[in-house]
Amino acid sequence: MVVERRVLHIDMDAFFASVEVVLNPALKGKPVIVGGDSQTRGVVCTASYEARKFGVHSAMPIAKARRLCPHGIFLRGNFQDYMEASEKIFSILSSVSPCVEPTSVDEGYVDVSGSQRLFGGDDAIGAYVKERVHEETGLPCTVAIAPNKLVSKIAVGEAKPDGYLCIKNGEEASFLKPLPVGRIPGVGPRTCDALESFGILTIGTIADMALDDLLNIFGQTGYVLHQSALGISTSPVKPRGLPKSISRETTFERDLLDWNRIECYLAYLAEKALCALRQNDMETRRVTLKVRYSDFETCTFAQTFAEPTCVDSDINNALKQLLPKAKNRRSRVRLVGVTLSWLTYNQHQLNFLRESAEKWGRALNSVDDIRTRYGFESLRFAKAMELGRKPRFATPSLSR
Ligand code: TTP
Ligand code: MG
């Protein structure tokens, strides 16, 4: 039996702004704008759909957004909150199929070809994903399921916000036919203008053209346009491979000289990196401390372990030994980070010599379980708690 390829695409709606609404329900229905590094500087990261009605959009200067939407609610945002929501979303997607390809913090593809019987078809899969995301994060998202990544991506764009769309195999071209050419991913304003100058406005017009004509006008791009217009794409969903290293780093809002505070941030970042390490069922043999000073010089200090570990105290002890080297330079610090590398699978269950590490490992697994259920902030180590219950980060610490 030939299994039909079915690809799910998910994209969260007004992601950062929606997370802010969940954190403060009084913002619901209001024009919320996230971004900027002050009241007037920087650019918009995203705007709620209410704010978009005023013409506010991502990458627009905050000052312009203020002019367009003076009564908008402007927030700086906290990347930690967005990352936590993102992690929950991808863990839900992994419960549908092992073949998950994250493409950004709020977007990804899932190959659901093999999940059809288990869930009872596309619509059941779509409903399950939307419901679980809503239950676990309170956030709205848009989901589409189609024969390939290209069509599911375009379908999500059509179904936004809070939508669901299913395009059956064989319906690709008819779904795409009436849409403007700019909906094809990669067709930017310049290609749109070029197509329009030939009177080509809809995807259907491209599909109906002779391939030779398209090749004459656009060269090789003509072929890609023709395939896309017919909804043909063979690009596979590429599940994220195992990480080679796991890093967490942040740039401070203002360069810091207070090493006690810097160490608190470092402790928090190390906690986050270790939690991610254990979630991947892995251990590390090398920890690297990264420090960027205010003159942008970046130094790294590393320590290698004789035995692999996933235990916080091992990493914290190593960092303690590395810190004096970093403090030697008496300049302000712009960024700190921690990287765990030389990763291996956690496979020392039967090693009796490591009994104490085992006990730690079990305790930490319980810690991680509680965090999965009640959020990362529910259990924290003392050092990082000096930053307060919920530390603010000016920049994300997204790297793996
Ligand atoms: P998007 O998915 O492009 O946008 P969105 O989720 O806010 O809105 P929608 O998908 O409903 O159109 O980006 C996801 C997040 O990434 C967004 O909430 C904020 C962040 N982002 C930026 O910080 N800068 C940008 O220029 C863009 C486009 C997004
Ligand atoms: Mg989005």
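All ligand and atom numbering here is 1-based and tracks the order in the structure.
Computed with the Mg ion (ligand 2) at the centre, the D11 OD1 to D106 OD2 angle is 90°, stated to 10 degrees.
Set against the non-hydrogen atoms of F15, the atoms of ligand 1 under 4.0 Å away are 5 (P), 6 (O), 7 (O), 18 (O). The distance from ligand 1 to the heavy atoms of D11 drops below 4.0 Å at these ligand atoms: 2 (O), 10 (O).
In terms of protein heavy-atom proximity, atom 2 (O) of ligand 1 is nearest to D106 OD2, 3.0 Å. The single protein non-hydrogen atom nearest to atom 15 (C) of ligand 1 is F16 CE1, 3.9 Å, given as residue, atom name and distance. Among all non-hydrogen protein atoms, the one lying nearest atom 26 (O) of ligand 1 is S58 CB, 3.7 Å. The protein heavy atom nearest to atom 21 (N) of ligand 1 is C45 O, 3.5 Å. E107 OE2, 4.9 Å is the protein heavy atom nearest to atom 3 (O) of ligand 1. The nearest heavy-atom contact from the protein to atom 7 (O) of ligand 1 is T46 OG1, 2.4 Å.
Under a cutoff of 6.0 Å and an axis angle of 45°, K325 and F301 do not form a cation-pi pair.
Paired with E249 under the rule salt bridge (Lys or Arg N to Asp or Glu O under 4.0 Å), one option of R334, K272, K290 passes, and it is K290.
With a 4.0 Å cut-off on non-hydrogen atoms, Y49 touches ligand 1 through its side chain and not its backbone.
Side-chain atoms of I89 and F15, non-hydrogen and from C-beta on, do get closer than 4.5 Å to each other.
Of the candidates E20, K160, M12, R52, R52 brings a heavy atom nearest to atom 8 (O) of ligand 1.
A continuous path of ILVMFWY side-chain contacts below 4.5 Å connects F305 to L343, so both sit in one hydrophobic cluster.
Side chains of T142 and D13: a donor-acceptor N/O pair is present below 3.5 angstrom, by distance only. Donor-acceptor pairing under 3.5 Å is lacking for the side chains of S233 and N148.
Under 4.0 Å is where a charged nitrogen must lie from a carboxylate oxygen, and between E50 and K28 no such pair does.
Remark: distances from the non-hydrogen atoms of A14 to ligand 1 include one below 4.0 Å.
Put simply, T46 stays out of reach of the Mg ion (ligand 2), with no N, O or S atom under 2.8 Å from it.
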Query raised in the report: Given the rule in the side chain to side chain donor-acceptor pair (under 3.5 Å) test, do N169 and R5 qualify, once you have shown the distances and angles that lead to the verdict?
Result: CA-CA 8 Å; N169 292 42; R5 196 156 82 100; over 6 Å; no

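Ring geometry for F252 against Y265 counts as tilted: the plane angle lies between 30° and 60°, on a 0 to 90° scale.
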